[in-house]
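The shown structure was predicted, so the numbers you read here are calculated from the model rather than taken from an experiment.
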Amino acid sequence: MTKSTKQQGLLLFILGIIFLSLTLRSPLTAVGPVTEFIQNGLSMSTTLVGLLTTIPLLAFAVVSPFAPKVAKQIGTEATLLWSIVLLIAGIALRSGGSVTLLIFGTAIIGVAISFGNVLLPSVIKDRFPLHVGLLTAVFSVVMNLSAALGAGIAYPVAADTSFGWQGALGVWALLGIIAVVVWLPQLKHRKSEPVDAAAEVVENPSILKSSVTWAVTLMMALQSLIFYTTAAWLPAMLIEKGMNPDSAGYMLSFMQFAQLPMTFIAPILASKMANQRPLVWFFSVLYIVGFTGLLLDPNGTLTILWMILIGFAGGTSFALTMMMFSLRTKTAMDAAELSGVAQSIGYLLAAAGPVLFAFVNETTGSWYVPTILFIVTCVLLLVVALHAAGNRFVRE
């Protein structure tokens, strides 16, 4: 294989990673800004709409341990391709115009995205081990960028075009179609066989006895809960303060964009630290100040500042959580096991967030108490993340 051929292969792979990553968050974050349209169009309760964010998280929890098994049978690249096809089908069903199709399509979307969450890091390490840092950065940043695009584009499509909320949720199928086309050349590579983390956990249950396992798992759960709950309900919180729906959607998008710089910077800093507790204090303080600002700023005059702080905190906490799987372990086997437990249990716990916050909102009649719950969640995240960042995983 010539040098130019290798470079072309790497370029095609990077393009494939970019478009796959673009499909992993935008179909989810597009829901929050258009919940009012969905509720009015289908006569759904706030709690039921909250399920639209919870269902994918439940799918992540259930499906993630099985993704490597499927990949071993048909190849990682082929599994990722079929997951995108499944995603396109789920997006189409979700926009079908009925409550049943909405919920069923959302579940399919969650299943499809689960495969990308688990297998993209694996295929990066397998195919280009010398470029893991670069490609992981691309994967992480583009995934967060897609979240911002989903939040920012959804409301204008729903409000200002004839497509309505169905079009706002269905437009993301176009990204999936492009991703299928761009990813097709990767089917020539079928050598990768990811570690079956779920099976290893079953064979070595002692991993569950480590306090670091549970600290990293709760870190995963709490930062995911904050992300998905804000994606679902932040626009509604801002609308309650008097902000118009269009601007509320843009604020969520701005918060997502604010995550991007820290998604790049945090892993670099973390790799140079003996322990990562300074980074934990950094994102925890920003989270707490940001949500406290939302609570005590009744007219939303400083909303953009709170979005910046919460966005910086979200980017740092996400990147640091992903780094913990490697930083807190010595061997690849331990890292795979820790990742398997943290993602499966973590997403399961995070799934309660959107429904819980919606229930509290309906019970109290405002977003005041749910905002206090965000602050409490940030304090809990600080406690578990300090333990995860300052201790090494030891098999007992």
Side-chain angles (χ1 to χ4, degrees), residues 16-17 20-21 23-25 27-28 51 53-91 93-94 103-127 139 143 176 179-180 183 186-187 189-208 213-214 216-218 220-221 224 228 321-322 324-326 329 332-352:
I17 291 295
L20 281 178
S21 301
T23 68
L24 294 183
R25 290 295 178 268
L28 304 179
L51 284 174
T53 303
T54 300
I55 289 172
L57 298 183
L58 292 174
F60 295 170
V62 173
V63 175
S64 294
F66 299 100
K69 293 182 179 180
V70 177
K72 281 188 174 182
Q73 294 297 316
I74 67 173
T76 303
E77 289 80 7
T79 302
L80 285 168
L81 179 70
W82 285 109
S83 74
I84 309 169
V85 173
L86 186 64
L87 177 68
I88 296 169
I91 291 172
L93 286 173
R94 186 175 66 172
I103 293 176
F104 185 57
T106 299
I108 293 176
I109 289 170
V111 171
I113 291 177
S114 299
F115 285 92
N117 285 343
V118 173
L119 297 179
L120 267 181
S122 173
V123 76
I124 287 172
K125 184 175 182 179
D126 177 73
R127 292 278 302 281
F139 161 64
M143 188 167 65
V180 167
W183 189 253
Q186 306 307 322
L187 295 187
H189 303 273
R190 295 192 54 175
K191 66 176 183 175
S192 55
E193 295 184 358
V195 176
D196 188 343
E200 294 295 339
V201 170
V202 173
E203 294 171 11
N204 300 284
S206 58
I207 188 176
L208 301 178
T213 296
W214 292 105
V216 173
T217 297
L218 290 174
M220 181 76 188
S224 297
Y228 286 104
T321 301
M322 295 298 103
M324 283 296 156
F325 304 141
S326 299
T329 57
M333 180 70 71
D334 285 346
E337 293 181 21
L338 184 58
S339 175
V341 170
Q343 292 204 45
S344 183
I345 299 176
Y347 279 129
L348 182 62
L349 295 175

For the student: nearest non-hydrogen atoms of [X] and [Y], plus distance:
X      : Y      : answer
Leu57  : Ala350 : CD1-O, 3.4 Å
Pro27  : Ile91  : CG-CD1, 4.2 Å
Ser344 : Ala61  : OG-O, 2.9 Å
Gly90  : Ile109 : C-CG1, 3.7 Å
Val216 : Ala342 : CG1-CB, 4.2 Å

For [X], what residues pass the side-chain contact (heavy atoms from CB on, under 4.5 Å) criterion, not counting sequence neighbours?
X      : result
Leu81  : Val180, Trp183, Leu184, Leu187
Leu93  : Leu101, Phe104, Ile108
Leu349 : Leu218, Ala221, Ile345
Thr23  : Leu87, Leu175, Ala179

Does Phe60 have any ring pair (Phe, Tyr, Trp, His ring centres under 6.0 Å) partners at least two apart in sequence or in another chain, and if so, which? Tyr347
Would Ile84 and Phe115 satisfy side chain to side chain contact (heavy atoms under 4.5 Å, CB included), going step by step from the backbone distance to the final call? CA-CA 9 Å; Ile84 309 169; Phe115 285 92; over 6 Å; no
Looking at [atom1] of [X] and [atom2] of [Y], how far apart are the two atoms once the value is rounded to the nearest 0.5 Å?
X      : Y      : atom1 : atom2 : value
Ile113 : Leu28  : CD1   : CG    : 4.0 Å
Leu20  : Met143 : CG    : CE    : 12.0 Å
Thr79  : Ile74  : OG1   : CD1   : 3.5 Å
Thr321 : Gln343 : OG1   : CD    : 10.5 Å

Are the side chains of Leu120 and Ser21 in contact, using a 4.5 Å heavy-atom criterion? yes
Suppose the criterion is side-chain hydrogen bond (donor to acceptor under 3.5 Å, both in side chains): which pairs have a residue in residues 103-120, not counting sequence neighbours? Arg25-Asn117
Side-chain (Arg94) to main-chain (Ala89) donor-acceptor, under 3.5 angstrom: no
